[in-house]
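Structure record follows, encoded as structure tokens.
Note that these values count all heavy atoms, side chains included, but never hydrogens, waters or copies made by symmetry. In this text the structure is predicted, and so the values were computed from the model without any measurement.
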Amino acid sequence: MSREIAIKVQNLVKNFGKDENLVKVIENASFEIKKGELVALIAPSGAGKTTLLMMIGCVQEPTSGEIWLGEEKVYDNKWTAKDTRKIRREKIGFIFQAHYLIPFLNVLENVTLLPQTNGVSEKAAKQKAMELLEYLEIADKAYSMSSQLSGGQNQRVAIARALANNPEIILADEPTAALDAQRSISVIKMLKKIAIEQNVAIITVTHDERILPFFDRIMKIENRGIVFHKLDEEQNEII
Amino acid sequence: MINLAKRDIEHTLGKFIVTAMGVGMLLGIVLIMIGVYRGMMVDAEILLDDISADLWIVQEVTLGPFAESSRVYEDMKNIIYVIEGIDKSEAMTFQNIQLPSHDKPVRVVAVGYDIYGSINPINPKRLIAGRELKNDHYEIVVTDKTGFKLDEKIKLGRNLHTVVGITHSTVSNGGDPLVYISLKDAQDLQFSYSNKEIQNNEARGVKNSEAFMVNTIVARVKSGYDIDEVAQDIRKWQHKSVYTKEQQKEILTKNLIEKSAKQIGLFTAILVVVSTIIIALIIYTMTLEKMKEISIMKLMGLPNSLIVSMIVKETLLLGVFAFIFGNIFSHLIYDRFPKRIVLEIPDAWTLFGVVIIASILASFVGVKKVISADPAAAIGG
């Protein structure tokens, strides 16, 4: 059975500036990512990883080209900031380098904030949040503040928060950058599990080569375009 | 739905309370300033109300006896008394003097009145110890704020006076404590010269006839007579300036207090503006501290309205807490001021309204910052 396409990008172009100051970041990028896939996005610094992530995440409008999230074409005619916020709220989960949990909310409140904003009742949002926290083995810290948790625990809460609105896509910006090797592998294994079990497409920006073997595909920005690589598992090198 | 403002305040409760206390002190000073003005209004009317005269007869073309100096002959009271419509009339003097005290001289206003007369300036309700004056000489009734005790001796001019009574809350329109002495003692004090000066004056052919002067004649009008008409009769036939109680109040408030009131009003307005700016700066700083979280919330897709409502609620709560602290602060310190401070509930409610408006205005800076926050700032570290 073929899996549904979660992200479809066609002829995507992103430029900054004008005339002699024109900087081309992405040129004619086209790719598809299916639900349940865990994809790494790699490239040297300044190559446009974050820009690509922001365009898929409906934070930054492309210069031209199309982005489809499921059946919906984003940045279609006359989209407003309100529309992009709505699609982010309903379809996308974000995970960051640092956990960036809201420091004045406890773990449970951090996870339930977005679903409640989407109109889910407090009771239902709490129930779902507790299920997620149990799934991520951090339920015992539900009423703790983020300042009372370790880096790894906080990152697990951030993952629970990203999953709380049942997203079709998760965009992770170097989620293991602040973690040691053991915790990095543990987080990426968790993302792999989530991608399969929750049927979510996950794009992860990373510089960490140690975690590359855990990805289904590796997407690299080369010469402003997108190229998919395979990993030589024996050498642990991109070919 | 989670109350973000409540959670944020709980998270930084100590900082929030200290900030609210700081702003509260400013608001407390605003309340004190308003209280000073109210106190001046009350002070201006105490003596007028205690004497409760319908008419004040003073030297012609003066605004006496409080706004300008005035001298009339004591026996004018008899002339006034026989005018149709007059029920009672008495002579009175008012003079600023300094009483020698244990630590430093006390500045007071001495009210001189005829202790056998029909109009008594001492309000019995204000007499908290001792009695009124009973003897024509060497007795004095003082206000508690002067610090003198019963039976204490005070040197006034050339004579020692015994404190026979103590009143509470009796002050002049300028806020100085009042003391009461007999008319004869007051005339001696105000108009009698030393023996050497009398000798000098007589050598120059000047006869000392001022000992029978007073500052004003106060009168009460019989019921059934029109006060303004009686006043007009006195003006016409006795060549004196005559003011009704209302006119005298107006002279005191308009001529003596108006400028002070304007000054206090200006200070109050400046303090309110300063408080607004401080609240705005605090909210701006508090918002700046949360910019990363705000960017993340925007990136996650939380509507602006939710974040804006958090900022506005926090600002309003800061204003409300500051207002409460301001009230507590002003009530703790108001009686330490040397002059009367009157804190009135309607003034506090007016200030509350001003604080709410100021808080809403102050929240605009934070709200502007929230609206301009870039969700992209959350990505890329």
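- Judged purely by atom type and a 3.5 angstrom limit, A:K14 uses its side chain to pair as donor or acceptor with the backbone of A:E61.
- Among residues 155-168 of chain A, the residues having any heavy atom closer than 4.5 Å to a heavy atom of chain B are, in sequence order, A:R161.
- In this structure, B:F325 has its ring center at least 6.0 angstrom away from the ring center of B:F329.
- B:Q263 and B:S260 share no side-chain donor-acceptor pair at under 3.5 Å.
- Ring orientation note: the planes of B:W349 and B:F352 are nearly perpendicular, at an angle over 60° on the 30°/60° scale.
- Using cut-offs of 30° and 60° for the angle between ring planes, the B:F321 and B:F16 rings count as perpendicular.
- Interface summary for chain A: among B:L4, B:T12, B:D374, the most heavy-atom pairs under 4.5 angstrom belong to B:L4.
- Between chain A and the residues B:M300, B:K290, B:K298, the largest count of heavy-atom pairs under 4.5 Å involves B:M300.
- Remark: side-chain polar atoms of A:N154 are paired, donor with acceptor, to backbone N or O of A:S146 under 3.5 angstrom.
- Annotation: cation-pi pair A:K141/A:Y143 absent, no NZ/CZ under 6.0 Å from the ring centroid and within 45° of its normal.
- Contact annotation for A:L105: only side-chain heavy atoms (C-beta onward) come within less than 4.5 Å of a heavy atom of chain B.
- Using a 4.5 Å cut-off between heavy atoms, A:E109 touches chain B through backbone and side chain atoms alike.
- Take A:Y135 and apply the side-chain hydrogen bond (donor to acceptor under 3.5 Å, both in side chains) test, not counting sequence neighbours, and it matches A:E197.
- Heavy atoms closer than 4.5 Å to chain A are found in both the backbone and the side chain of B:I2.
- Looking at B:I9, neither its backbone nor its side chain comes within 4.5 Å of chain A, counting heavy atoms on both sides.
- In this structure, A:Q153 contributes its side chain and A:S150 its backbone to a donor-acceptor pair below 3.5 Å.
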